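Just below is one structure, and these are the notes that go with it.
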There are 2 protein chains.
Amino acid sequence: MNAVNKDVQLFKNHLVQKRLKLTRQRETILEAFLKTDHITAEELYRKLSGRKQGRRLALATIYRTLNLLCEIGIGQQRHFDDNKTIYDNVLHKKHHDHLICNKCDKIIEFESPAIERLQEEMATRHGFTLHHHRLELYGHCIDWENCRDRQRAAPR
Amino acid sequence: MNAVNKDVQLFKNHLVQKRLKLTRQRETILEAFLKTDHITAEELYRKLSGRKQGRRLALATIYRTLNLLCEIGIGQQRHFDDNKTIYDNVLHKKHHDHLICNKCDKIIEFESPAIERLQEEMATRHGFTLHHHRLELYGHCIDWENCRDRQRAAPR
DNA sequence: ATATATTTTGAGAATCAGAATCAATATCAA
DNA sequence: TTGATATTGATTCTGATTCTCAAAATATAT
Ligand SMILES: [Mn+2]
Ligand SMILES: [Mn+2]
Ligand SMILES: [Zn+2]
Ligand SMILES: [Zn+2]
């Protein structure tokens, strides 16, 4: 059993636990989702709708399934400067923050224990207990070549 | 001339520069805005609409004026977990990030040169030039007493 | 002060991502 | 296979914000 199938199996187990049903569309969406790092519902929709033999998916189903994946813990919603929700495939990933290129929309994941520590310290200093945080760094690739190889659909 | 009038004067100068007109509603909105730290268009609207002698303001005008203030640099849009835009009164303020209480909606401003430095370092390490960033820490006040004195309208 | 050009306003329509409805269909366990 | 239960697609709805446009206000030039 390869890695992908193992992930699908994990998903199926979650469904059984929650007394949910495994449908063709859920499987299709899951597979496509697991192939990406960050994607919007709209992008997934375009990718899966223009399919051969009438495999039509409703956008609503994409949203429902993506939200299901978030509940299960396989995905996480992100809200970057763009006003559409980006779904982060966090399967096999630990906590991380993001660096986003305003030119080519590339998204780089990073983690900084030092920053995390300072955040905690800052919270404590103000009498807060931290639940979660959002750290996003926006800028652009210094290297144009690198910048040109776009990861995301449309440049801004 | 007190501090507030000086701020209003600054606003008027901006209007003249941009060949815009000083209206009763713009003055009303500016004054109310300058009295707060963070406020939504809706909140401002409620605060200014229920006024005596038929001083009715359209919500659209609030939005327009708030956006004008942002163009001028007196305000800044923020997008916290809540899905409505919060307008930050940044007159006389330098860059800062936020600590937000999920219980009482209190918003604390802070700045951490150490974190800022690490952010730059992180960007550089990935070949990025930083333009701006977003850092929001969510949690709750440890001290209930302090938490109870709400700054914002409705608790979540 | 008056006329004139220009901007602004209010009311409501438009937008846009995402959620809610609901009848028809699919899944699954007995 | 059956029947209870969940899911789907099509469509409508929501809520925050922007847009439209005719009427009203303001600044500027007589
Ligand atoms: Mn990520
Ligand atoms: Mn602030
Ligand atoms: Zn982090
Ligand atoms: Zn900062």
Side-chain angles (χ1 to χ4, degrees), chain A residues 8 11-30 33 38-46 48-51 53-72 75-87 153-154, chain B residues 8 11-30 38-46 48-51 53-72 75-87 153-154 156:
Chain A
V8 173
F11 176 65
K12 289 182 182 175
N13 292 159
H14 274 293
L15 291 184
V16 172
Q17 273 182 228
K18 300 188 128 200
R19 248 179 240 83
L20 299 180
K21 294 170 178 174
L22 178 66
T23 64
R24 179 163 29 76
Q25 23 282 78
R26 291 221 253 235
E27 222 168 346
T28 305
I29 295 168
L30 174 72
F33 178 71
H38 305 90
I39 197 165
T40 65
E42 193 62 52
E43 285 166 346
L44 244 189
Y45 180 61
R46 282 199 297 277
L48 298 178
S49 275
R51 275 297 188 52
Q53 349 111 321
R55 286 180 156 282
R56 209 142 286 144
L57 287 229
L59 185 52
T61 302
I62 307 264
Y63 275 110
R64 285 187 285 233
T65 305
L66 248 12
N67 288 338
L68 175 62
L69 292 176
C70 289
E71 279 168 32
I72 287 176
Q76 261 178 238
Q77 293 197 179
R78 306 280 185 193
H79 299 274
F80 297 159
D81 270 1
D82 195 327
N83 71 323
K84 42 245 321 247
T85 302
I86 285 179
Y87 291 82
Chain B
V8 173
F11 176 64
K12 290 181 182 174
N13 293 158
H14 274 292
L15 291 183
V16 172
Q17 273 181 228
K18 299 188 128 197
R19 249 180 238 82
L20 300 180
K21 295 172 178 173
L22 177 66
T23 63
R24 179 164 30 74
Q25 23 284 74
R26 293 221 253 235
E27 222 168 345
T28 304
I29 294 167
L30 174 72
H38 305 90
I39 196 164
T40 65
E42 193 61 52
E43 284 167 346
L44 246 189
Y45 180 60
R46 281 199 298 275
L48 298 178
S49 276
R51 274 299 188 52
Q53 349 110 319
R55 288 180 155 280
R56 209 141 284 142
L57 287 226
L59 185 52
T61 302
I62 307 264
Y63 275 109
R64 283 187 286 235
T65 304
L66 247 12
N67 288 337
L68 175 62
L69 293 176
C70 289
E71 279 168 31
I72 286 175
Q76 262 177 236
Q77 293 195 178
R78 307 279 184 192
H79 299 275
F80 296 159
D81 270 0
D82 195 327
N83 73 322
K84 43 243 323 244
T85 302
I86 285 179
Y87 291 82
R156 226 142 315 160

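Quantities reported herein were computed from a predicted structural model and do not represent experimental measurements. Below, chain A is the first sequence line, B the second, and so on; all start at residue 1. Just the heavy atoms: all of them, side chains too, but no hydrogens, waters or symmetry mates, feed the values below.
Residues passing the salt bridge (charged side-chain N to carboxylate O under 4.0 Å, His left out) test with A:Lys18, sequence neighbours excluded: A:Glu71. The salt bridge (charged side-chain N to carboxylate O under 4.0 Å, His left out) search around A:Lys21 returns none, not counting sequence neighbours.
Rounded to a whole Å, the NZ atom of B:Lys12 is 14 Å from the C1' atom of D:dT26. The separation between A:Leu44 atom CG and C:dG18 atom C1' is 15 Å, rounded to whole Å. Here D:dA24 presents its P atom at 21 Å from CG of B:Leu22, a figure rounded to the nearest Å. The nearest whole Å value for the distance from the OH atom in B:Tyr87 to the C1' atom in D:dT18 is 10 Å. In this structure, the CG atom of B:Asn83 is 7 Å from the P atom of D:dT17, given to the nearest Å. Put simply, OH on B:Tyr45 is 16 Å from P on D:dG15, counting in whole angstrom units. Residue A:Leu48 contributes atom CG, which lies 11 Å from atom P of D:dG9 at whole-angstrom precision. Atom NZ in A:Lys84 sits about 10 Å away from atom P in C:dC16, given to the nearest Å.
Between atom CG of residue B:Leu59 and atom CZ of residue B:Arg64 there is a gap of 10.0 Å, rounded to the nearest 0.5 Å. Note that CG of A:Asp81 is 8.0 Å distant from NE2 of B:His79, once rounded to the nearest 0.5 Å. How far CG of B:Leu66 is from OH of B:Tyr45: 14.0 Å, rounded to the nearest 0.5 Å. In this structure, B:Ile62 CD1 and B:Arg46 CZ are separated by 11.0 Å, a value rounded to the nearest 0.5 Å.
The minimum heavy-atom distance linking B:Leu57 with B:Ser49 is given by the pair O-OG, 3.7 Å.
Between B:Asn67 and D:dT18, a side-chain N or O to OP1/OP2 separation shorter than 4.0 Å is present. OP1 or OP2 of D:dT17 lies within a sub-4.0 Å distance of a side-chain N or O belonging to B:Thr85. Contact annotation: A:Tyr63 reaches the phosphate of C:dG18 (side-chain N/O to OP1 or OP2, under 4.0 Å).
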Point to revise | Contact state string [nucleotides 2-14 of chain C, B base, S sugar-phosphate only, - no protein heavy atom under 4.0 Å] | key: ----BSSBB----
